[in-house]
Amino acid sequence: MMAITTLGQFIIEKQADFPYAKGELSRLLRDIGIAAKLVNREVNKAGLADILGQQGDTNIQGEVQQKLDVYADMQFINALKVGGECCYVASEEHEEGVDLSMNTVSEKAKYIVCIDPLDGSSNIDSNVSIGTIFSIYRRLYTDRPIQQEEILQVGRKQVAAGYIIYGSSTMLVYTTGCGVNGFTLDPSIGEFCLSHPEMKIAPTGSLYSINEGNYSKFPQAVKQYIKYCQEIDPATNRPYTSRYIGSMVADIHRNLIKGGIFIYPETSNHPNGKLRLMYECNPMAFIVEQAGGKASTGNNAILDIQPRLLHQRVPIVIGSRQMVEEVERLYLNFPVPF
Ligand code: P6P
């Protein structure tokens, strides 16, 4: 009988990896885990309660907010506020960030959290897996109010990142820069239990995830790569299999488990792509790189991009290292995208 390691036990055990840690990051990760359990409870009964259907409001993306979006946002922000380790939250659901610095218990909350509380929410009504994505930075100053440069830090400065996938089971996957570990929620005890220790993504795979409906608007390099995926070549296990869920967390989680590549590129009508740098691409890039994979715009590493705007969009090519490098070679060969 394998011993159960809960998320809380694991965080405390791993805290020993950080000799100067005083437990603040550990408490912050636990706060996120608590909110995830509350959101999971509502996601699992979305079809039952009157929680389905559109709140009617629209968020900064101009997307109609589903009630679950609003609920998830409230739960994570409240957990971070009560937990007292976070001084500022940048959320997909808020045009401006949420400054918690006046509300925190510890007078100097050291961390900043960027979060997509419920990614893929357009899939809620069709019962497709959705997720939460979070990214954690340390403050640069403690002697002044939060500064813009502390919020818009480059992805390599993340101290932790993770996601929760509300799927056939609910999992929390995170990294603090010492590898990637996955925890599955055991509803019978209400605990996230270590189920996927030291996750690694295969160096190559045979799954490619992209919305081919946008084919006509893709850059030449991406069109060439799709053709490459569909060529017959048993030696390289082609043609690959196309798998696209339309929920970033679900598509990338599957590729993390099975090997593969997810691409949301720039298009002729959306030159920066669709996905957000601060709370979608940076955290997923940190996780996938820590698992041995790669994350790029096709030309540059996601984690090296200097953010300019809170809700900035970037193109993303992420997954098995060799597959991402194949796409990067094509971007070099076809430098003029359209
Ligand atoms: P499209 C969901 O709305 C989302 O933000 C991501 O989770 C997902 O990868 C992407 O958009 C899907 O976009 O244009 O293919 O529907």
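As the structure lists them, so they are numbered: ligands from 1, and atoms in each ligand from 1.
- Qualifying ring pair (Phe, Tyr, Trp, His ring centres under 6.0 Å) partners for Tyr163, counting only residues two or more places apart in sequence or in other chains: His253.
- Ligand-side atoms of ligand 1 in range of Leu275: 5 (O), 6 (C), range being under 4.0 angstrom from any heavy atom.
- Contact annotation: for Asn214 versus ligand 1, there are no heavy atoms closer than 4.0 Å.
- Look at Arg329 and Glu326 and you find a salt bridge, because one of the NZ, NE, NH1 or NH2 atoms lies within 4.0 Å of a carboxylate O, short of that distance.
- Of the possible donor and acceptor atoms, none in the side chain of Glu42 sits under 3.5 Å from a partner among the backbone N and O of Val39.
- Remark: Tyr228 pairs with Tyr225 by the ring pair (Phe, Tyr, Trp, His ring centres under 6.0 Å) rule, at least two apart or across chains.
- Heavy-atom contacts of Met248 reach the following atoms of ligand 1: 6 (C), 7 (O), 8 (C), 9 (O) (cutoff under 4.0 Å).
- Within ligand 1, counting atoms from 1 as listed, the ones closer than 4.0 Å to a heavy atom of Asn211 are 1 (P), 14 (O), 15 (O).
- Taking each of Glu212, His270, Lys274, Glu92 in turn, the one with a heavy atom nearest to atom 4 (C) of ligand 1 proves to be Lys274.
- To the nearest 0.5 Å, atoms CG (Leu7) and CG (Leu29) are separated by 7.5 Å.
- Close contacts of ligand 1 with Phe262, meaning ligand atoms under 4.0 Å from a residue heavy atom, involve 9 (O).
- An N or O contact shorter than 3.5 Å links Asp119 to ligand 1 by distance.
- Salt bridge present: Asp304 and Arg156 bring a charged side-chain N and a carboxylate O closer than 4.0 Å.
- Ring-plane geometry between Phe183 and Tyr174 is classed as parallel, the angle between the planes falling under 30 degrees on a 0 to 90 degree scale with a further cut at 60.
- For ligand 1, the atoms closer than 4.0 angstrom to any heavy atom of Tyr244 are 1 (P), 12 (C), 13 (O), 15 (O).
- Under a 4.0 angstrom heavy-atom cut-off, Ile130 registers as lying outside contact with ligand 1.
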